Structures are given as C-alpha cells and as structure tokens.
Amino acid sequence: MINITLPDGAVRQYEKGVSPLDVAKSISEGLAKKVLAANINGQVCDASRPINEDASLKLLTWNDADGQMTFWHSSAHLMAEAVESMFPGVKFWVGPALENPKGFYYDMDLGDRKMTEEDLAALEKRMNELAKKNSSYVRKEMSKDEAVKYFSEKGDEYKLDLLSNLNDGEITFYTQGNFTDLCRGPHIPNTSFIKAIKLTSIAGAYWKGNENNKMLTRVYGVTYPTQKELDEHLAMLEEAKKRDHRKLGKELGIFTMDDDVGPGLPLWMPNGTIIIEELEKLAKETELAAGYKRVVTPHIAKESMYLTSGHLPYYADSMFPPMEMDGEKYYLKAMNCPHHHKIFDAEPRSYKDLPYRIAEYGTCYRYEQSGELFGLMRVRCLHMNDAHIYCTKEQFAQEFKAVNDMYLKYFKIFGVEKYVMRLSLHDPAKLGEKYINEPELWLETEELVRSVLIETGVPYVEVKGEGAFYGPKIDVQIWSAIGREFTLATNQVDFAQGRRFKLSFTNQHNQPEVPLIIHRAPLGTHERFIGFLLEHYAGKFPLWLAPVQVKVLPISDKFIDYARAVSDKLKKADIRSEVDDRNEKIGKKIRDTELMRVPYMLVVGEKEMNENKVAVRRQGKGDAGVKTIDEFLTEAVGEIKERSSE
RNA sequence: GCCGUUGUAGCUCAGUGGUAGAGCACUUCCUUGGUAAGGAAGAGGUCAAGGGUUCAAUUCCCUUUAACGGCUCCA
C-alpha cells in the first residue's frame, strides 16, 4: 500500500500502481468524470499514470490552469488528427497550449498545398466528429533508436530535429484515434471532453521562430468543455475589440492615419493633443521635482555622430535612409541619446555637477518594418519621454532607484496594477555582434542593476539576450485591459557610450573620469502610452486627462445663453468645457456626450437658470444632483489638480 | 521583411460583368423637448491605385499600396 496526500492534507491509502483517475473514482464518480490530468509531486501527468510510491496528488480539472493547458494541448492533437485526415502527408512541428490568448496552435508543413480560411470550418467539423469518437489518448514510451527509425522512414525532418535534443527515457508518443505524435504530454483521458471547438485563425510562422527558416502554417484554435463557455469566450473577445485603442482613437478623435502621410505616422487630432499636453505637464512637474533640467535638440544629425555613438552598425536598418546635403549625410534621429551626450560634453563638468540629469520629450523616427506597425503601439514617428542621467559609479544605485520610484509613482497615478520589470541582460554568445564586446563591464553593470532591483523589492524577472547593445536594461512590461502585453517603458544602463563620446568629468582627485549613463523613459512614448491608456480606461479618461472635461447641455435653445455663461465661467478656471448648442432633445445630447466619454455633463434648463445652478451628470454613473456653479467648479478643479482617477 | 485576409459615402457595412445602396454622421426645415437616439427633405462615392481580359470591369486576372490576423523585430 502507498500513501497519497491530497491538497487538503488528507492522506489516503491505495494499492501500488493506482492511477489518479482511480483515486478520483474512489472519492466520487462525479469528480472522476471531470478529471483532465493530475499533478503528482508537483509534476503534471496523465490521469491514468500509475503511482508507485507515496506521493502528493492534486487532481486537475477545468478549474485548474494546468487542467486547461492539458485540455488545449490535447485539442491541438485532435486538430492535428483532423488536419492529417484532410491533408495526408502533412508534417507537424509543435502544438502547444496558450495562456494568452487562450487556446492552442499547431505548426505544420503542408508541402505544396495551402490551407485557407474556408478549410478551417471543414476542419472544425472534422474535429467535432473525431472528438465524438471518444478516443483515448494513449501514452507509449520508445527508445531513441526506435523513434529515429520511425521518423526517418516517415521522412519527417521536424520530428527528427526534436528527437536530436532528447535522450532515451525522455521519449514518449501519444496516440488518439488515427493520430500518433512524439509528445511529452500530458493529455486528457479522451477526446470526448472536447465539446466546443473554434479555429480562430491561420497564419504563417517561421520554423523555430527564425526568419531565415522556412515558414510553416500555423493554425490557432480554442476549445471548451461546453458550448456555453466557448460562446462566453468569444463574446469576451468581441468586448475586447470595443476597447481596442485603434477603434477608440478614431471614435474619440484622438489620432488618425493617412495614406498620404505614410504608414506608422499618426496625426494627433485636437483631442489627442490635449492628452499629450497633459502628460507632458505631468512629466515636466515630476522631472523638475526630481532635479532634471529640460533641453531641446534637433530631429536630425550628421552620420558622424551615429558612427561615434556606435548606433549605425546596429541600427541602420531601422533608421530612415540618410539625406545628403553639402556632401554630408544627415539622419533623422532614432534616439535622443547622442544629442544629449553632446549637451553633456558642451561644457567642462566637475563631479560637483553630477548627477547631471537632462530631459526632453524627444521626437524620434524609426523605420520599423512594415509588418511590425500596429496602431499607436508600433509607429515610425514617436515622442519619447526621454532623459539621460550622467553620474558616478557611487551615485548610480541611488539614481537608478530614484528612476524606479518615479515609475512606481506614475503607475499609481494611472492605476497600473499589473506590471513586471524585466531585467534584460546580454547574451554572451552574441558579444561583438548584438552586444558591445565588453564581457566584464556587462557583468559588472548587470550586477549593479540587479542589486537595485532586489533592494527596492519590485517584482522582476531576468531575461538573457534582451539587453540594449550598450548595456543592460529594465523593460517595464504592462498589460492593457484587453490582455495585450507590451513593453511600456525602459530604463537602461550605458557603460559604452560615455567612452565612445569621450565624455568625462573631473573627479575629486582632479582626474578625468567617464560617467555612467542612465537612459530612462518612464512614460515610454506618447504613442504607446496613449494607446495603452485608451485601452486601460476604455476611453473613459480621468477628468485631468479628458479632452473635453465638461459639456454643458441646454434643455432647449432658450437656455443656450445661460449654458454659455456657465461654460465661460468654467473655462476661466482652466476647465475644458463646451456647450452642446445643437437643436436636439436632451436625451440625444446626453447619449452623444456619454458616447464621447465626457466626464461631466451639466444639464441646464429653466430651474437651473433661475437658481444659478447646474444639474450634474457623471459619465457612466447618471444623475449626480443639482449644485451651484461654484460648488461644481470647486469640486472639479480639485479633482483635476489631484489628478484623481475617479 | 515573411505567410494569410481585406480595401465600396466621414463611420459601420450590403451589393453587382451593363458606371452603386442601407443605417448613423453631415446640411436645411419642422419641432423647444428634463437625463442614452423626435420628424421630414437634401447633399455626399474615379467602388484603394495602376495595368490586363472584355463590346463593356467597382465586379474577373496581374502588379502596387494600405490596413488587419500572425511570425520576425521593438519603445
């Protein structure tokens, strides 16, 4: 007999070789019907896997993330079976489950054949038929020789490639119905669990994610144990589309794109410009308080500067091509750093001048590949909340920490709760290629940054091969309300450019010394940050950011003059106010103003005019009662000043 | 850049081998209405651009371009 410990701490005794499914049955038949997989001693396995010694066991159902992942991975195999029946001879690469977006995909090589969107419907139908066959997922171990022989005969170079990284004892096959695949598992007991299927899209994907490799066909899908859950999932995706910053940006008059201007070059409309200006105001206040000085630099510079900085060899492809003038090549700047370094270098510096912090909302141009452009999130003209801090090694930790604190302050203002700081390190294998060839300096600065992160106690992860070419960086990963993850901001250490630009300050011993440089951009770029805010707030900007803060809605023409008087009074207090003087009924005016996400509506008619009052309505919350103009004004001014998020 | 899809009025979208339609928005008129759509009339389109097939192309074919879903890349 062996002891099985369940998550609640209960210990039950079973015969050796008992499976998690047996354990479930011994608890209740109902539970057994829901078990998708099991977690044995921390390892996710098939529910049919025999347990031969004392173990802790958690039965995994649809309510467990691991249960869902197993379900989706098994769905990928089901899809592969359907694909193989419709495209005989297809070769498969890998088919993992996905957490975000939910579901799974399978990469495959269809040879000369092509799969189209129409095939997806047929595939879904086939999958449904196959699922109903109630085929078990059967695990089989195989020796490496045997497996290599099997796939050599099949001529499957993809599976042979996978096998080359595996050893005897690690090789298992899974079969369900007519489909067999090399797979680590685990899988759900059988296909009948899969009741609702949606193949969402078809796309190309480079083999092993390398653009020099062949492009495989990738099919994405998602499955659920019930149709209801699938429908809910699809409805949620529809909801997410409504929050898409591209849709909201158009509806709210934030930005526009134009074919004649060019791809990736957003035009900021008046409403978007107000948000830009409010953000800059916030940045300027914050940076002034933190001891930064502001500078302004040109949008172009000569080639020689980018040779000095070392950017050209690394960046040339993502810079707009140079323009020639008087025998000189000029580039549009893709980053502000070199210009700022020149400002540092313009005057002799003493250690007494450090840290020297200069900031600018710098306009940069990057020739992003056409396929990478994405709304405001990836553009070719961007306005960066940039600053550079020149400091001594001794000052570094404190400066770096101060920058981190600034991030946290901003997150609080904007209500960003989900974020991770990603410590991006160099990849020793790519020194001299993607990274400046200074192995010791890399390790030294990486350790400096790591220790600051540990000291501040912010959540962070380390990732190799994501550093800037001149030093390690912290990328701030955030998630928009619709689950889109992206790098919002970056905070980088630079040990290379100081020397390249021959920057120096005179230290206490009257010796020249090269400063360390911190690059930072807590608010990222206007483009990406406003794109994020649109989705984050679903267009319902807090009062201080709202393009139109107050709309005064006269009940009829007779009250337009009063409405204008109210609006003028608000404007004098720097409140962005407008009057809806259209010949429309109040219901229509309210509806339109609600849809434009104007935070406050002031309804004025006979009663209000006679009493010098306004009937306040808060966007999304309805009637907020009648107030005197001054009462409302005081409250609104306070809310704006606080940058309150409500 | 690569794979795939799409491009019709300001917006959302129908439609057709014989030079186009709806709803909303817009303009004018009627209406002066109290918390999410009052009524009528009108105006608005080189059907993304270029080329080809055809008596005839917005429709079929090719190229280009842009957007979208991914891959790669990135703030």
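These figures come from a predicted structure and were not determined experimentally. In what follows, chains carry the letters A, B, and so on, assigned in the order in which the sequence lines appear, proteins first and then strands, with residues in each chain numbered from 1.
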I need the CG-C1' distance between A/L237 and B/G69, as an integer number of Å. 13 Å

Could you work out the separation of B/A49 and B/G7 based on their C1' atoms and round it to a whole Å? 11 Å

Counting the atoms with a prime plus P, OP1 and OP2 as sugar-phosphate, which does A/G209 contact under 4.0 Å by heavy atoms, base, sugar-phosphate, or nothing? sugar-phosphate

B/C71 pairs with which nucleotide, Watson-Crick or G-U wobble, both distances below 3.5 Å? B/G1

Shortest non-hydrogen separation from A/P599 to A/V548 and the atoms involved: CD-O, 3.2 Å

A/M377 CE to B/C74 C1', in whole Å, measures 13 Å

Mind checking A/G371 for me? I need base, sugar-phosphate or nothing, with any heavy atom below 4.0 Å counting as a touch. base

Considering every strand shown, what is the Watson-Crick or G-U wobble mate of B/C47 when both distances are under 3.5 Å? none

When you compare B/G69 with B/U12, how far apart are their P atoms, in angstrom units rounded to a whole number? 14 Å

Any strand counts, and the cut-off is 3.5 Å on both contacts for Watson-Crick or G-U wobble. Which nucleotide pairs with B/A14? none

Find out whether the Lys NZ or Arg CZ of A/R618 is both under 6.0 angstrom from the six-membered ring centre of A/Y600 and within 45° of the ring's axis. yes

Checking base pairs now: Watson-Crick or wobble, both atom distances under 3.5 Å. What partners B/A41? B/U27

Residue whose closest nucleotide on RNA chain B lies nearer the 5' end, A/V603 versus A/E527: A/V603

Between B/C60 and B/C2, how far apart are the C1' atoms? Round to whole Å, please. 28 Å

Assign A/F486 to base, sugar-phosphate, or nothing according to its heavy-atom contacts below 4.0 angstrom with the strands shown. nothing

Which part of the nucleic acid, if any, lies within contact of A/A203, taking any heavy atom under 4.0 Å across all strands shown: a base, the sugar-phosphate backbone alone, or nothing? base

Using a 4.0 Å heavy-atom cut-off across all strands, classify A/E606 as base, sugar-phosphate, or nothing. base

Does the structure show a Watson-Crick or G-U wobble partner for B/G34, both distances under 3.5 Å? Name it, or say none. none

In terms of side-chain heavy atoms of A/K588, which of B/G34, B/C24, B/U32 is nearest? B/C24

Closest nucleotide among B/G4, B/G69, B/U32 to the A/F374 side chain: B/G69

What nucleotide among B/U35, B/C71, B/G33 has an atom nearest to a side-chain atom of A/R617? B/U35

Looking at B/U54, which nucleotide sits across from it as a Watson-Crick or G-U wobble partner, both distances under 3.5 angstrom, or is there none? none

Are any of the side-chain heavy atoms of A/L120 and A/V219 separated by less than 4.5 Å? yes

Give the rounded distance in Å between these two atoms: NZ of A/K558 and P of B/U32. 9 Å

Which listed nucleotide (B/U35, B/U72, B/A75) is nearest to the side chain of A/V379? B/A75

Could you check whether A/D259 gets within reach of a base, just the sugar-phosphate, or nothing at all, counting any heavy atom under 4.0 Å? sugar-phosphate

Give me the distance, rounded to whole Å, that separates B/C47 from B/C55 when you measure between the C1' atoms they each carry. 22 Å

Do A/Y367 side-chain and B/G1 base share a donor-acceptor contact under 3.5 Å? no

Does a distance-only test, which skips hydrogens and angles, find a donor-acceptor pair under 3.5 Å between the side chain of A/R366 and the base of B/C73? no

Between B/G39 (C1') and A/K585 (NZ): distance, integer Å: 10 Å

Here the distance between atom P of B/U72 and atom CG of A/N213, to the nearest Å, is 11 Å

A side-chain contact here means heavy atoms from C-beta on lying under 4.5 Å apart; do A/M421 and A/N404 qualify? yes

Applying the salt bridge (charged side-chain N to carboxylate O under 4.0 Å, His left out) test to A/D109, which of A/K91, A/K214, A/K159 qualifies? A/K214

With sugar-phosphate meaning primed atoms plus P, OP1 and OP2, does A/M215 contact a base, only sugar-phosphate, or nothing at under 4.0 Å between heavy atoms? base

Taking atom P in both B/A48 and B/G15, what distance in whole Å separates the two? 15 Å

Work out how far the P atom of B/U63 is from that of B/C24, and round it to whole angstrom. 41 Å

Separation of A/E372 atom CD from B/C71 atom C1', in whole Å? 10 Å

Using a cut-off of 4.0 Å on non-hydrogen atoms, how would the nucleic acid contact of A/K589 be classed: base, sugar-phosphate, or nothing? nothing

Ignoring hydrogens and angles, are the base of B/A75 and the side chain of A/E368 linked by a donor-acceptor pair under 3.5 Å? yes

May I ask you to decide if the ring planes of A/Y314 and A/F469 are parallel, tilted or perpendicular, using 30° and 60° as cut-offs? parallel

Contact class for A/F529 (heavy atom, under 4.0 Å): base, sugar-phosphate, or nothing? nothing

Describe the nucleic acid contact of A/R378 in one word from base, sugar-phosphate, nothing, applying a heavy-atom distance below 4.0 Å. base

So what's B/G7 paired with, Watson-Crick or G-U wobble, going by both distances under 3.5 Å? B/U65

Of the candidate nucleotides B/G69, B/C2, B/G34, which contains the atom at the shortest distance from the side chain of A/E608? B/G34

Base, sugar-phosphate, or nothing for A/T487, non-hydrogen atoms under 4.0 angstrom? sugar-phosphate

Heavy atoms only, 4.0 Å cut-off, all strands: where does A/L488 land among base, sugar-phosphate and nothing? sugar-phosphate

If I take atom NZ in residue A/K214 and atom P in nucleotide B/C71, what distance separates them, rounded to the nearest angstrom? 20 Å

Any base atoms under 4.0 Å from A/I586, or only sugar-phosphate, or nothing? Heavy atoms, all strands. sugar-phosphate

With C1' as the reference atom in both, quote the distance from B/U54 to B/G18 in angstrom, rounded to an integer. 12 Å

If I pick the P atom on B/A22 and the same atom on B/A43, what distance separates them, to the nearest angstrom? 12 Å

Validate the cation-pi geometry between A/R380 and A/Y365: distance from NZ or CZ to the six-membered ring centre under 6.0 Å, angle to the ring axis within 45°. no

Partner of A/R564 under salt bridge (charged side-chain N to carboxylate O under 4.0 Å, His left out), picked from A/D557, A/D581, A/D580, is A/D581

Atom CG of A/N610 and atom C1' of B/G34 are separated, to the nearest Å, by 14 Å

NA contact type, A/G362, heavy-atom cut-off 4.0 Å: base, sugar-phosphate, or nothing? nothing

Could you go through the ring pair (Phe, Tyr, Trp, His ring centres under 6.0 Å) check for A/F414 and A/F529 one step at a time? CA-CA 11 Å; A/F414 295 103; A/F529 196 64; 4.9 Å; yes

